[in-house]
Amino acid sequence: MSAQATNTGSKLDGLKWFFAFALIAAGVYGFNYLSEESILIRTAVVLVSVILAIVAAMATAKGQAFWKFAREARTELRKVIWPTSNETVKTTIMVIIMVIILGLFLALIDWLINSFLISPIIG
């Protein structure tokens, strides 16, 4: 079984991507152009341009593939068996204890190397 990438995108995908990036650039330009307006209006201009750019990008083959991937990921996420709060607390405590033990061990090794190898050499 061989995996081949199939290009199912239309010839207009490049134009759609250009349009999406142009919308983002227009939003940034609009934000700067309206510098004397309220920040609410300036933010709305950027948000509208980003939303329109997302819509344009979702019309491409890669955009639709991303949307399909996001839906499948959400489906798989529902299948995950999440730990209970009790298991989470116990695991967190174990991790904290191990970090403290490892930190003390590394501090001891550092002290030994500094005391018996480095200090005699540099005086």
Side-chain angles (χ1 to χ4, degrees):
M1 185 157 69
S2 68
Q4 276 187 323
T6 57
N7 187 4
T8 60
S10 73
K11 295 181 181 181
L12 295 176
D13 275 359
L15 185 61
K16 291 175 188 175
W17 281 111
F18 176 78
F19 182 65
F21 286 116
L23 282 169
I24 300 246
V28 171
Y29 177 77
F31 185 83
N32 291 322
Y33 182 76
L34 299 172
S35 62
E36 295 183 14
E37 296 294 327
S38 164
I39 191 70
L40 185 63
I41 293 172
R42 296 170 69 195
T43 304
V45 167
V46 173
L47 285 177
V48 168
S49 69
V50 167
I51 290 170
L52 290 175
I54 289 172
V55 169
M58 294 306 282
T60 65
K62 286 186 180 184
Q64 292 186 5
F66 172 77
W67 187 249
K68 181 182 176 187
F69 170 76
R71 282 183 297 174
E72 290 174 358
R74 185 171 179 232
T75 302
E76 291 298 321
L77 197 58
R78 289 181 181 166
K79 296 178 184 178
V80 173
I81 299 173
W82 296 100
T84 65
S85 60
N86 190 25
E87 291 171 334
T88 305
V89 168
K90 286 181 180 179
T91 304
T92 303
I93 290 171
M94 288 186 337
V95 167
I96 290 172
I97 290 171
M98 288 306 297
V99 166
I100 290 170
I101 291 171
L102 185 62
L104 292 173
F105 175 73
L106 291 175
L108 176 68
I109 296 296
D110 182 53
W111 177 76
L112 289 172
I113 289 173
N114 190 29
S115 296
F116 296 109
L117 292 176
I118 304 296
S119 289
I121 293 173
I122 60 173

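Taking E72 as the reference, nothing meets the salt bridge (charged side-chain N to carboxylate O under 4.0 Å, His left out) condition, with sequence neighbours excluded. Under the salt bridge (charged side-chain N to carboxylate O under 4.0 Å, His left out) criterion, K68 pairs with no residue, sequence neighbours left out.
Of the inter-residue distances, the one linking N114 atom CG with I122 atom CD1 reads 7.0 Å to the nearest 0.5 angstrom. Taking CH2 from W82 and OG1 from T88, the interatomic distance works out to 10.0 Å, rounded to the nearest 0.5 Å. Rounded to the nearest 0.5 Å, atoms CG (L47) and CG (L40) are 9.5 Å apart. To the nearest 0.5 Å, the span separating CG on L104 from CD1 on I109 amounts to 12.0 Å. With rounding to the nearest 0.5 Å, the separation of CD1 in I97 from CD1 in I101 is 7.0 Å.
Residue-environment remark: CZ (F31) exceeds the threshold of 12 foreign heavy atoms within 6.0 Å.
L106 has its side chain out of reach of D110: every pair of non-hydrogen atoms, C-beta onward, lies at least 4.5 Å apart. Residues K16 and D13 form a side-chain contact, since some pair of their non-hydrogen atoms from C-beta on lies under 4.5 Å apart.
When every heavy atom of E37 is checked against every heavy atom of R42, the shortest pair comes out as O-CD, 3.7 Å. Of all heavy-atom pairs between A20 and A53, the closest is O-CB, 3.3 Å. Nearest heavy-atom pair across W17 and G63 is CZ2-N, 4.4 Å.
Both L23 and V48 are part of a single hydrophobic cluster, where members link through side-chain heavy atoms under 4.5 Å apart. V28 and I51 are members of different hydrophobic clusters when ILVMFWY side chains are connected at heavy-atom separations under 4.5 Å. Cluster annotation: L117 is connected to F105 through the hydrophobic network of ILVMFWY side chains, with a link wherever side-chain heavy atoms come within less than 4.5 Å.
Under the 3.5 Å distance criterion, the side-chain polar atoms of T60 are matched with a main-chain donor or acceptor of A57. Remark: side-chain polar atoms of S49 are paired, donor with acceptor, to backbone N or O of V46 under 3.5 angstrom.
Note on E87 versus K90: no salt bridge recorded, every NZ/NE/NH1/NH2 to OD/OE distance being 4.0 Å or above.
By the 30° and 60° cut-offs, the orientation of the rings of Y29 relative to Y33 is parallel.
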